[in-house]
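To start, the structure under review is shown below, and the notes come after it.
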Amino acid sequence: MAFYCQRDCYATELLTEVVSCHPAQLKVENEGKKSTVSGFNILLKDTVLFPEGGGQPDDRGFIHEVPVLRVTRQGPDAVHFVPSPFEPGAGVLVKVDWNRRFDHMQQHSGQHLVTAFADSLYGFKTTSWELGRQRSVIELDTPLVTVQQAEAIEKTVNQKIREHVPVNVRLITVDNPEFNKVRSHGLPDDHAGPVRIIDIEGVDANMCCGTHVRNLSDLQMIKILGTEKGKKNKTNLIFLSGQRVLKYVSQSYYTEKTLTSLLKNGPEEHIEAVDKLQKSVKALQKNNLNLLRDFAILTAETFKSKVDRGKFFSLHRVCEILDGKGAGKCGRFQGKANKMRQRAEVEILLQEVISNVKRTQE
């Protein structure tokens, strides 16, 4: 069964009915910290929220005013995780986070377009792809994509965007002769019913469950940022589509403007200026290290030459009390202290240690 979000990718809300509601837990990660949230898994008669699949993340939205924190596919069903329960049989209004949805549509349709021309122009097959939070990556089955090839792919896909090419969604059965002709990575083990085909007219027909634009003009533009070495003789092609391109340009301009102010030169001189600064910093760090070593030697020699020196020298402090880091080797300890205000406490501790050693020796 195709969900409402798949039948109409531009729909932003839907009146539907709660089928079931069960207590559940969801593992989440916020700023690198993992935690478990208690809530409820909701099944709806139909949904406007896309569950994750086909390399595309799930939608976010609301059931009435309750936020939907995750949507996952379980067989033919879409499971909505929410913090509050709903009565089975109740009518509900489901709304989608349109900005997130449309961004995913632009990236996913953009991936289909880039994949199609990477194949038709150079025979580079797509083996996987990832829709990231900031940029997307297509894994191509080739050890190398040259700069000229990437530029040619980018030029071709943007020409198709300007041509206002329609994108159609069709359903076919697995016994349809066309089934074996469309581009595909195979069907899920639990798939049942018709197969959904995303058809970019005259360009590409691909089996896919994701949400897509209805016309390539809605992609606005595609920018291939570059390539990186992938795994097992493969190449990762990094790209942006639609609003992400505009956001990237704005961020790049802000960075350029800030660097121009800090470096006191023009954008074309930024790289050279930063390179010089890095070399200067490395030279200063090396000089500073040499000075610290010379100072340490001088301090030690001065202490040793004093006739009335005490039992200990408090320039080197106890790590734990002074919030220091370091290590000992061959009877010596080297470290760095962060809490100098507790120096007196360390000196008292060292005096006690020396007294205890002296008593033991007596």
Side-chain angles (χ1 to χ4, degrees), residues 2-3 5-7 9-10 29 47-61 70-79 96-97 99-120 124-142 145 150 153-154 157 167-171 179 182-191 195-200 203-214 216 218-219 222-228 230-232 234-245:
F3 302 116
C5 58
Q6 295 171 307
R7 301 195 300 273
C9 298
Y10 285 78
E29 184 173 343
T47 184
V48 76
L49 302 181
F50 176 73
E52 58 190 358
Q56 179 178 328
D58 57 329
D59 282 339
R60 295 289 187 270
R70 186 70 52 84
V71 189
T72 56
R73 186 189 299 270
Q74 292 184 5
D77 299 319
V79 180
V96 68
D97 177 343
N99 289 334
R100 178 183 171 93
R101 157 70 68 78
F102 190 59
D103 172 58
H104 290 176
M105 290 165 61
Q106 287 186 318
Q107 309 317 308
H108 203 160
S109 296
Q111 177 265 316
H112 279 223
L113 188 58
V114 172
T115 285
F117 281 107
D119 188 2
S120 64
F124 300 154
K125 305 295 184 183
T126 292
T127 51
S128 67
W129 86 290
E130 178 186 6
L131 199 167
R133 292 184 178 182
Q134 296 183 331
R135 57 191 64 181
S136 297
V137 178
I138 298 173
E139 184 185 71
L140 297 175
D141 192 14
T142 177
V145 176
I153 294 171
E154 180 182 280
V157 297
V167 180
N168 301 308
V169 179
R170 296 184 289 108
L171 296 177
F179 176 77
V182 299
R183 188 163 50 83
S184 166
H185 289 292
L187 291 170
D189 295 335
D190 58 355
H191 176 81
V195 176
R196 188 166 176 264
I197 306 299
I198 305 301
D199 190 347
I200 304 175
V203 176
D204 180 61
N206 181 25
M207 192 185 307
C208 183
C209 65
T211 55
H212 290 270
V213 298
R214 61 169 63 106
L216 290 185
D218 277 355
L219 296 182
I222 289 176
K223 177 60 185 175
I224 295 178
L225 297 178
T227 61
E228 295 176 349
K231 57 185 180 181
K232 298 180 181 178
K234 296 180 181 179
T235 299
N236 295 331
L237 185 146
I238 306 161
F239 77 97
L240 305 173
S241 186
Q243 288 295 119
R244 291 194 182 192
V245 179

message: Is it the case that over 12 heavy atoms from other parts of the model lie below 6.0 angstrom from the CD atom of Gln134?
response: no
field: Spacing of OG belonging to Ser136 relative to CG belonging to Leu240, to within rounding of 0.5 Å
entry: 7.5 Å
query: So which heavy atom on Arg244 is nearest to which on Gly132, and how close?
result: NH1-O, 2.8 Å
- line: Correct closest heavy-atom pair for Gly210 and Gln56 would be CA-OE1, 3.6 Å
Met207 side chain reached by Ile197 side chain, heavy atoms, under 4.5 Å: yes
message: Is the shortest side-chain heavy-atom distance between Gln6 and Val169 below 4.5 Å?
response: no
query: Roughly how far, to the nearest 0.5 Å, is CZ of Phe3 from OG1 of Thr47?
result: 7.5 Å
- prompt: Is it true that Asp59 and Arg100 make a salt bridge, defined as a side-chain N closer than 4.0 Å to a carboxylate O?
  reply: no
query: Could you go step by step and tell me if Val213 and Tyr10 meet the side chain to side chain contact (heavy atoms under 4.5 Å, CB included) rule?
result: CA-CA 8 Å; Val213 298; Tyr10 285 78; 3.5 Å; yes
field: Leu225 backbone acceptor or donor facing Arg135 side chain under 3.5 Å
entry: no
- request: Go through the steps to decide whether Ser128 and Lys234 satisfy the test side chain to side chain contact (heavy atoms under 4.5 Å, CB included), and finish with yes or no.
  value: CA-CA 11 Å; Ser128 67; Lys234 296 180 181 179; over 6 Å; no
- request: Could you check if a side-chain atom of Ile153 sits within less than 4.5 angstrom of a side-chain atom of Val114, using non-hydrogen atoms only?
  value: yes
field: Min side-chain heavy-atom separation Glu52-Val71 under 4.5 Å
entry: no
- prompt: What is the distance from atom CZ of Arg133 to atom CG of Asp103, rounded to the nearest 0.5 Å?
  reply: 12.0 Å
message: Looking at every non-hydrogen atom in both residues, tell me the closest pair between Thr72 and Pro51 and how far apart they are.
response: C-CB, 3.7 Å
message: Would you say that Arg60 contacts Arg101 through its side chain, given a criterion of any heavy-atom pair below 4.5 Å between the two side chains?
response: no
task: Over all heavy atoms of both residues, which pair between Gln106 and Ser241 is shortest? Give the atoms and the distance, please.
output: O-OG, 3.1 Å
task: Compare every heavy atom of Val203 with every heavy atom of Ala116, then report the nearest pair and how far apart it is.
output: CB-CG1, 3.9 Å
- prompt: What is the distance from atom CD of Gln243 to atom CZ of Phe102, rounded to the nearest 0.5 Å?
  reply: 7.5 Å
- request: Indicate yes or no: at least one non-hydrogen side-chain atom of Leu216 is less than 4.5 angstrom from one of His112.
  value: no
statement: dist Leu237:CG -> Ile224:CD1 (nearest 0.5 Å) comes out at 4.5 Å
message: Tell me the closest heavy-atom pair linking Thr211 and Cys9, and the distance in Å.
response: CA-SG, 3.6 Å
message: I want to check something: taking the side chain as every heavy atom from C-beta on, are Phe117 and Glu154 in contact at a cut-off of under 4.5 Å?
response: no
task: Let me see the working for Ile198 and Val167 under side chain to side chain contact (heavy atoms under 4.5 Å, CB included), right down to the final yes or no.
output: CA-CA 7 Å; Ile198 305 301; Val167 180; 3.8 Å; yes
- prompt: Roughly how far, to the nearest 0.5 Å, is the NZ atom of Lys125 from the OG1 atom of Thr142?
  reply: 12.0 Å
- prompt: Without hydrogens or angle criteria, can the side chains of Glu139 and Thr127 be said to hold a donor-acceptor pair below 3.5 Å?
  reply: yes
message: Could you go through Thr126 and Leu140, starting from their C-alpha distance and side-chain angles, then the distance that decides it, and tell me whether this counts as side chain to side chain contact (heavy atoms under 4.5 Å, CB included)?
response: CA-CA 5 Å; Thr126 292; Leu140 297 175; 3.6 Å; yes
message: Are Gln111 and Ile138 packed together at the side-chain level, in the sense that at least one heavy-atom pair is separated by less than 4.5 angstrom?
response: yes
